[in-house]
Amino acid sequence: MKNLSHAVILDDHQLFADAFSLLLEKYQFFNLVQSFNQIGELVDFLMSYGNQEIYIFLDYYLGEENGLSIMSEIKRLNKKAIIIFVTSATSPSILQTILKYRPSGILSKSCSIDMITSCLSAIDSQSIYLDHYIQNFLDVQRSTVTNFTPREIELLKYFADGESITKTAERTFLSPHTIIAHRRKMMAKAHCNSIGQLIKFARDHELI
């Protein structure tokens, strides 16, 4: 496998970001590795980096945000960015949703060095890589997966925090009617009859 030039890691847990960065440096996968724990820091860096090839290891859970919500922004800033999710998510719903956005790979946070090597080799061969842990979670419940969009997952978090329709509309710059339509659609997807059941479903499936 060729030696790669530059990688960045975005994870809101600084300890993991630094540890993963040191791991990539130790095994010399890249010439340069940087880590960030704030979305704004990564965006500022990409704006100055230009449209050069770069590998971005991206957490799914990012506090109030999720990795999918900034994936399009990363691609807008750098069309050559190669995005690999490194996540603790085990919910088939989340993993299937991530796959719909076609990242270059998905690694679990408990992945081995061999899995990282295999992932980079697969990407070099133009293949999407799933590590063994991720593939197992998908295989177990593939037939029962309910897919939610990044916007729907964002709204679920507000609902779970007890935000009203009006407040949620203000925070997301959507109309109350749109929020209600989203909520109705999510309840139908999850076969729920109340917002309480929907929130329980979201928590049970690790969506929030």
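Sequence positions, counted from 1, serve as the residue numbers for this chain.
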When you look at H6 and Q34, which way does the side-chain hydrogen bond (donor to acceptor under 3.5 Å, both in side chains) test go after all the steps?
CA-CA 8 Å; H6 204 138; Q34 293 175 261; 2.8 Å; yes
Using a 4.5 Å cut-off on heavy atoms from C-beta on, say whether the side chain of [Y] contacts that of [X].
X: F159; Y: M186; answer: yes
X: S104; Y: I83; answer: no
X: F30; Y: S5; answer: no
X: M115; Y: Y133; answer: yes

Say whether, by atom type as modelled, one donor and one acceptor occur between the side chain of [X] and the main chain of [Y] under 3.5 angstrom.
X: E152; Y: T149; value: yes
X: S69; Y: E65; value: no
X: N37; Y: L10; value: no
X: K75; Y: A81; value: yes

In this structure, are over 12 heavy atoms from other groups packed under 6.0 Å from K200 atom NZ?
no
Can you name the residues that form a side-chain contact (heavy atoms from CB on, under 4.5 Å) with L174, not counting sequence neighbours?
R151, T172, T178, I179, H182
For S125, enumerate each residue passing the side-chain contact (heavy atoms from CB on, under 4.5 Å) test, keeping only those at least two apart in sequence or located in another chain.
S127
Enumerate donor-acceptor pairs with a distance under 3.5 Å from any side-chain N or O in residues 16-24 to protein atoms, sequence neighbours excluded.
residue	atom	partner	partner atom	Å
D18	OD1	Q14	NE2	2.7
D18	OD1	S35	OG	3.1
D18	OD2	Q14	NE2	3.4

Quiz: residues 39-49 side-chain donor-acceptor pairs under 3.5 angstrom, not counting sequence neighbours:
residue	atom	partner	partner atom	Å
S48	OG	F45	O	2.8
Y49	OH	E53	O	3.2

Please report the closest heavy-atom contact between [X] and [Y], naming both atoms and the distance.
X: S175; Y: A169; answer: C-CB, 3.9 Å
X: S108; Y: V86; answer: O-CG1, 4.2 Å
X: A122; Y: Y129; answer: CB-CB, 3.9 Å

Can you see whether F148 has K189 sitting over its ring - NZ or CZ less than 6.0 Å from the centre and within 45° of the normal?
yes
Sequence neighbours excluded - salt bridge (charged side-chain N to carboxylate O under 4.0 Å, His left out) pairs with any residue from residues 101-113
D11-K109, D59-K109
Can you name the salt bridge (Lys or Arg N to Asp or Glu O under 4.0 Å) partners of E163, sequence neighbours left out?
R171
